[in-house]
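Labels below follow one simple rule: chain letters A, B, ... track the order of the sequence lines, proteins then strands, and each chain is numbered from 1.
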Amino acid sequence: MSRHADDKDTREKRPGYRPGSLEVLAVLLLVLIVAQRWLVGVFDNPALQTGATIFISIVVQALPFLVLGVVLSGAIAAFVPPSFWKKALPKNPALAVPVAGAAGAILPGCECASVPVANGLMSRGVTPAAALAFLLSAPAINPIVLASTFVAFPGEPMMVVARFLASLATAVVMGWLWLRFGKQEWLRIGPRDHLSGDNPWHTFRLTATHDFLHAGGFLVIGGLTAAFLNVVVPQDWLAAVAGHPVLSILALAGLAVVLSICSEADAFVAASLTEFSLTAKLAFMVVGPMVDIKLVSLQAGTFSRKFATRFAPATFVLAVLFSMLVGWWLLT
Amino acid sequence: MRRDVQAVILILVGGAILRISVGDTFLNYVKESMRPWLLLSGVTLVVLGVLALIDVIRRARRGETTEEPDPHDPVDDEGHSHVHGPRAAWLLLLPVFAIFLIAPPALGAFAAARDTTNAVPPAEAKAPPLPPGDPVDVTVADYVGRAVWDSGLTLEGRTVQMTGFVTPNPEGGWWLTRLALSCCAADAIASKIQAVDAPDLPADTWVTVTGTWIPGGGTKSSTAIPLVQVQDLVEVPQPKNPYE
């Protein structure tokens with residue numbers, strides 16, 4: 001069956017023979033199966049093994065959330081008419097941003113789920129600024145994340161309030177900044193005609209499949225980078241800056257970017273960093289769900305590299321500033 | 001990328017997720033509570049893949065191409081158009097191969113030695129007494145918490161039994177070690193106890209130690225590593241769940 005299509009490919013589209021992706025896949029599988037013994041030998045090294053385990057665990061941990069995200073984005077594309085969003089969100093974009101930011105509280109997932117959902121919202125006509133505020137706030141302020149923060153900091157209920165306020169403020173201000181300075185051309189959205197099928201179910205499947213394959217590839221890049229840094233960056237330097245009021249905040253904010261852990265678990269890791277101030281831990285939990293290596297990789301893949309290189313640093317700066325402000329107000 | 005290859009990749013990824021979550025392998029990477037979500041997402045991916053494959057077969061019968069038809073997709077800033085579907089999808093084969101061919105083991109001594117914090121201050125100021133039993137089973141993290149933050153008060157006069165692996169101490173001897181996860185192995189936290197009067201063992205050997213608490217190693221500090229006087233030591237296979 002595929003032979004027929006293959007012949008057609010080579011005849012109509014390409015001069016001369018070029019191996020198609022199915023052939024590449026088959027050869028790749030064969031080579032790897034033959035080379036398995038050798039591969040296992042190469043990975044018989046504690047540092048490489050640790051890196052491989054961390055890589056797999058980041059990917060395995062993120063996949064269910066990514067699947068949830070693409071199922072939701074598929075459902076948005078197939079079953080929710082664009083007119084719904086016009087009614088649900090205020091017409092004035094400056095008002096739509098805080099509404100969308102607060103709506104982030106209802107998506108019970110981590111950051112991997114929110115990227116495809118935000119993309120789906122934009123392609124259905126939601127103003128990008130509002131979709132971006134949702135993208136940032138959803139993984140940070142949903143009930144599961146706030147509950148795990150409460151459990152991780154048993155003596156510090158204000159930590160939950162501080163996390164909520166600092167995260168929501170960062171998300172909303174980023175949305176407004178996008179309204180003022182953002183450029184449509186940084187976002188690769190546009191009509192997704194090729195993903196509209198014969199009926200809503202078909203559209204749902206096409207969108208979910210496309211979004212998963214695309215975002216999944218970038219999740220892998222992010223997971224690889226995070227695993228590499230996790231094994232390579234020595235942890236001793238953290239202790240050296242723990243006592244410094246500003247450096248300690250920047251250090252934990254940077255650590256959150258490197259570690260790329262799920263927003264539903266980061267509170268426990270923050271609580272374990274005992275030498276650091278509460279404000280530094282707050283920065284760790286505000287930055288992590290909004291800017292981390294696997295997330296930036298997902299954003300670059302979904303929206304474009306131009307977008308990610310502008311959006312992520314700006315978010316990082318704002319998240320650190322709001323953590324300092326809220327920490328100074330509530331946690332001292 | 002052709003639609004049939006996309007379908008195969010979906011099935012492979014879903015299959016890899018199912019393969020580790022049907023057995024106990026997934027416990028090397030994430031917490032046990034993730035199992036239903038892993039099974040659900042694995043099944044979802046396999047179903048999406050199979051349906052996409054059926055689409056391809058139907059289209060081929062009708063004589064249509066299997067390339068993703070996408071003529072008006074603009075070339076993006078990365079310089080590639082999406083005519084062939086998402087190219088990044090090839091990368092999804094990496095975790096699939098890693099799972100099927102290499103099957104990375106649970107984290108061990110290498111990761112534990114890198115973790116410099118040992119004892120996280122407990123939620124309660126004073127730990128409750130140990131349950132009855134002689135020896136009494138405790139977790140490595142519980143022992144460390146009691147020894148460091150309660151100055152060993154609740155351990156005094158009790159014989160305890162703990163299971164963990166060997167992490168060589170660069171200053172001599174080894175630490176009885178266990179890692180704990182909050183979510184996945186990227187956030188593993190190590191608990192370490194210096195084994196006193198124990199035979200030398202290679203790194204990552206799993207052992208069950210019976211012993212008693214002895215003072216030393218420091219208290220009230222997150223980097224303190226307490227001691228245990230080893231009375232009996234048995235090598236054991238790696239537990240079903242390697243983390244605490």
Side-chain angles (χ1 to χ4, degrees), chain A residues 1-2 4-5 8-9 20-22 25 32 36 39-40 43 46-47 49-50 52-61 63-64 67 71 154 188 190 193-194 205 208-210 213-214 216-218 220-221 226 230 235-236 239 259-262 264-265 268-269 271-272 274-275 301 304-306, chain B residues 1-2 4-6 8-10 17 26 28-30 34 37-38 40-41 44-45 48 51-52 57 60-61 65-70 73 76-78 86 88-92 94-95 97-99 101-102 104-107 110-111 114-117 120-121 123 182-187 189 222:
Chain A
M1 42 91 202
S2 65
H4 178 91
K8 208 174 154 176
D9 273 0
S21 37
L22 193 61
L25 180 66
L32 280 163
Q36 197 230 347
L39 267 177
V40 171
F43 273 84
Q49 259 178 9
T50 302
T53 305
I54 292 176
F55 164 60
I56 292 296
S57 65
I58 289 177
V59 172
V60 166
Q61 189 277 130
L63 266 179
V67 171
V71 164
R188 180 171 50 215
D193 295 346
H194 63 291
R205 281 206 287 114
T209 304
H210 174 274
L213 288 171
H214 200 81
F218 285 90
V220 168
I221 298 179
N230 204 312
Q235 295 190 349
D236 305 348
L259 285 185
S260 298
I261 48 185
C262 172
E264 292 176 0
F268 296 98
V269 180
S272 77
T274 45
E275 296 121 281
S304 83
R305 208 177 295 165
K306 268 191 189 136
Chain B
M1 181 184 288
R2 281 169 21 182
D4 46 2
V5 181
Q6 295 184 22
V8 172
I9 290 181
L10 279 177
I17 296 296
F26 76 106
N28 288 348
Y29 313 119
V30 292
M34 285 294 284
W37 307 112
L38 287 172
L40 193 64
S41 53
T44 308
L45 292 176
L48 281 176
L51 291 176
I57 295 171
R61 284 222 178 112
T65 168
T66 51
E67 285 282 354
E68 192 165 296
D70 201 0
D73 217 359
D76 62 35
D77 63 311
E78 265 107 287
W90 283 105
L91 289 166
L92 278 167
L94 270 177
F97 292 149
I99 284 172
L101 300 179
I102 301 167
L107 293 182
F110 180 85
R114 286 175 46 79
D115 192 357
T116 44
T117 39
V120 178
S182 319
C183 190
C184 76
D187 59 43
I189 296 166
S222 57

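A/F218 has its side chain out of reach of B/L91: every pair of non-hydrogen atoms, C-beta onward, lies at least 4.5 Å apart.
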Checklist entry - Would B/L38 and A/V60 satisfy side chain to side chain contact (heavy atoms under 4.5 Å, CB included), going step by step from the backbone distance to the final call? => result CA-CA 8 Å; B/L38 287 172; A/V60 166; 3.7 Å; yes
Checklist entry - Where do A/T53 and B/N28 land on the side chain to side chain contact (heavy atoms under 4.5 Å, CB included) test, with the steps shown first? => result CA-CA 8 Å; A/T53 305; B/N28 288 348; 5.5 Å; no
Item to check | side chain to side chain contact (heavy atoms under 4.5 Å, CB included) assessment of A/L63 paired with B/W37 | outcome: CA-CA 9 Å; A/L63 266 179; B/W37 307 112; over 6 Å; no
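Using a 4.5 Å cut-off between heavy atoms, B/I189 contacts chain A through its side chain alone, with no backbone atom that close. Heavy-atom distances place the side chain of A/V40, and not its backbone, under 4.5 Å from chain B. Looking at A/A226, there are no atoms closer than 4.5 Å to chain B (heavy atoms on both sides), in backbone or side chain.
Nearest heavy atoms, B/C184 versus A/S57: CB-O, 3.8 Å. Nearest heavy-atom pair, B/M34 versus A/Q61, reported as atom, atom and distance to 0.1 Å: CE-O, 3.6 Å. Of all the heavy atoms in B/L101 and A/Q36, the pair that sits closest is O-NE2, 2.9 Å. What you find for A/F55 and B/P95 is that their closest heavy atoms are CZ-CD, 3.9 Å. Closest heavy-atom contact between B/L48 and A/A208: CD1-CB, 4.3 Å. The nearest pair of heavy atoms linking A/G217 to B/L92 is N-CG, 3.9 Å.
When each of A/L39, A/I54, A/V59, A/T50 is checked for heavy-atom pairs under 4.5 Å with chain B, A/T50 comes out on top. With chain A as partner, the option from B/I99, B/L45, B/V8, B/I9 having the largest number of non-hydrogen pairs under 4.5 angstrom is B/L45. With respect to chain A, the highest number of heavy-atom pairs below 4.5 Å among B/A185, B/A52, B/A98 belongs to B/A185. Listed options A/V71, A/L32, A/I58 were ranked by heavy-atom pairs under 4.5 angstrom with chain B; first place goes to A/L32. Most heavy-atom pairs under 4.5 Å with chain A: of the set B/L51, B/L94, B/T44, B/I17, this distinction falls to B/L51.
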